[in-house]
**Student:** 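Questions regarding the structure given below will be posed in turn.
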Protein chains: 2
Amino acid sequence: MTALSTAATSGRKKRGEGHTRRDEILQAAKDLFLEQGYDATTIRKIADRVGVSAPALYLYFQDKEAMMLALCDQTFALLIDSIDQIEKGPGMPVERLNRFGDAYVRFGLSHPDEYRLIFIGNNIPESLRRVGHRMPTDDPDRPGVGGAIVFSRLVALLAQIEASGVRLNYPPDTCAELCWMSMHGLVAALIMKPEFPWSDRETLIGAMLQIVETGILRKA
Amino acid sequence: MTALSTAATSGRKKRGEGHTRRDEILQAAKDLFLEQGYDATTIRKIADRVGVSAPALYLYFQDKEAMMLALCDQTFALLIDSIDQIEKGPGMPVERLNRFGDAYVRFGLSHPDEYRLIFIGNNIPESLRRVGHRMPTDDPDRPGVGGAIVFSRLVALLAQIEASGVRLNYPPDTCAELCWMSMHGLVAALIMKPEFPWSDRETLIGAMLQIVETGILRKA
DNA sequence: GTAGATAAGTTATCAACGGTAAGTTACCAC
DNA sequence: GTGGTAACTTACCGTTGATAACTTATCTAC
């Protein structure tokens, strides 16, 4: 008689409580995306887990992509938080760059599934491909801008470093791109092929940070 | 009366000529994959372009993935070829490392779909997840090993560099990993977010190569 | 030259997918 | 109560990758 689903809640939401259903959907979608990937996660699976019918999801999200976008923003907020902690923290700009890179890599490694989802997201549909890297001209209130925020923080930090008197080998923007690309390559490799016999993680992280810094900062 | 399709050939193949149909399918699939991407390319579109019915494709390929895998192997053979040319070519090992990196990046940028599948490939169906990152113990005759071959060539080149008397800042394996990760980060970024206002491509390629080399090779 | 054998292909169909239309039910304000 | 509407459901659509079962052309053997 009663539903056999694993729904956290049962029955219809009261008036004005729709947002809690929205949260439930988001949580179920996140779990399933992480467990099975984007494509394998179907609208029906999400609906089943929540305990509602499939079309009910469309009351809260325009489509499947919108759920992914909302989740991306959630996860980016965590990363942005820890980066802001560093930016407000002590130390020379160069030291903060070190901590920035370190925090970025460790965030990726300790949230591998989210990182995969957001930064690597590859078989994700064309329309989502640009999540996290929207053009600056895009509406900043639209979901999916988290990556651009992280990146702009990095650009700002590089500009700070230059302003503090340290000479850069390339323009700050280019330095930021090179820095991010290197760190992303490191994280992506470790995440995507964890069973590959990579060298020691700590060694790789330290070495990559070292390489990027010595390559970007002009010898005094 | 006659077919309106753009099929290069018409009518049924003679006995023993099925392989030419297979080649036609592969060519059409490649064109469509490159034009529209993997997901947007449907079995029916490929079949239409070839001028046969959709199920006919299954006479030559087990499924859609098998077509992509065959194409990847085809394309990666090109990269491996050009890398082997470099390895056999003139110049000091260090110069060859430069040309290796350059060839690698340009290959990725000019074959984004194959690169995505082999090196970034993630949410692409489980069966393809580890394509390009197979363990050394895996069957080398299975399709999709192109990436691993490339990487092993890089390791060998780094070992050569060390053997030639150039001191490395890290063990050859670690250097190869750092080198590949950096280059991969560059390629992945440009491929996955092509609309982002990155700095000039040539500048980025040159800078990244420079950074990695100065970071890996010990100052004489 | 015709009778299998079989390569090369077709038509019909499947279940599952994302998404929509239209109807239903529970709740709240008045 | 009763109207309005938020919160759903059922029924359905076109498209997808893939399969089953049937047909047709071609080659070989006698």
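Letters A, B, ... mirror the listed sequences (proteins, then strands); counts begin at 1.
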**Student:** Who pairs with Phe33(A) by ring-ring contact (aromatic ring centres under 6.0 Å, His included), at least two apart in sequence or on another chain?
**Tutor:**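 Residues passing ring-ring contact (aromatic ring centres under 6.0 Å, His included) with Phe33(A): Tyr38(A).
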
**Student:** Between atom CZ in Arg22(A) and atom C1' in dA6(D), what is the gap in whole Å?
**Tutor:**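 Value for this atom pair: 16 Å.
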
**Student:** Whole angstrom is fine here: how far is it from CG in Leu59(A) over to P in dG18(C)?
**Tutor:**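 It is 17 Å, rounded to the nearest whole Å.
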
**Student:** Taking atom P of dC17(C) as reference, at what distance in whole Å does atom CG of Leu32(A) sit?
**Tutor:**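 In whole Å, dC17(C) P lies 12 Å from Leu32(A) CG.
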
**Student:** Charged N to carboxylate O below 4.0 Å: is that the case for Glu17(B) and Lys14(B)?
**Tutor:**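 A salt bridge is absent here (no side-chain N lies under 4.0 Å from a carboxylate O).
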
**Student:** Ile25(A) CD1 to dG19(C) P: how many Å, rounded?
**Tutor:**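 The answer, rounded to whole Å, is 14 Å.
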
**Student:** Could you list the residues that satisfy salt bridge (charged side-chain N to carboxylate O under 4.0 Å, His left out) with Arg106(A), not counting sequence neighbours?
**Tutor:**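 Partners of Arg106(A) by the salt bridge (charged side-chain N to carboxylate O under 4.0 Å, His left out) criterion, ordered by chain and then number, come out as Asp102(A), Glu202(A).
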
**Student:** Figure out the CD/C1' separation between Glu17(B) and dG9(C), and round it to whole Å.
**Tutor:**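 The distance from CD of Glu17(B) to C1' of dG9(C) comes to 16 Å, rounded to the nearest Å.
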
**Student:** Using the test side chain to side chain donor-acceptor pair (under 3.5 Å), find all partners of Asp84(B) that sit at least two apart in sequence or belong to another chain.
**Tutor:**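 Here the qualifying residues are Arg153(B).
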
**Student:** Output all residues satisfying ring-ring contact (aromatic ring centres under 6.0 Å, His included) with Tyr170(A), sequence neighbours left out; order by chain, then residue number.
**Tutor:**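 With neighbours one apart ignored, the set is empty.
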
**Student:** Does Phe61(B) reach a base, just sugar-phosphate, or nothing at all? Heavy atoms under 4.0 Å.
**Tutor:**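 Contact class for Phe61(B): none.
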
**Student:** If a protein heavy atom is under 4.0 Å from the base, mark B; if only from the sugar-phosphate, S; if neither, -; do that for nucleotides 15-28 of chain D going 5' to 3'.
**Tutor:** -BBBB----BBBS-

**Student:** What residues form a side chain to side chain donor-acceptor pair (under 3.5 Å) with Thr174(A), not counting sequence neighbours?
**Tutor:**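 Checked Thr174(A) against side chain to side chain donor-acceptor pair (under 3.5 Å); matches are Ser199(B).
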
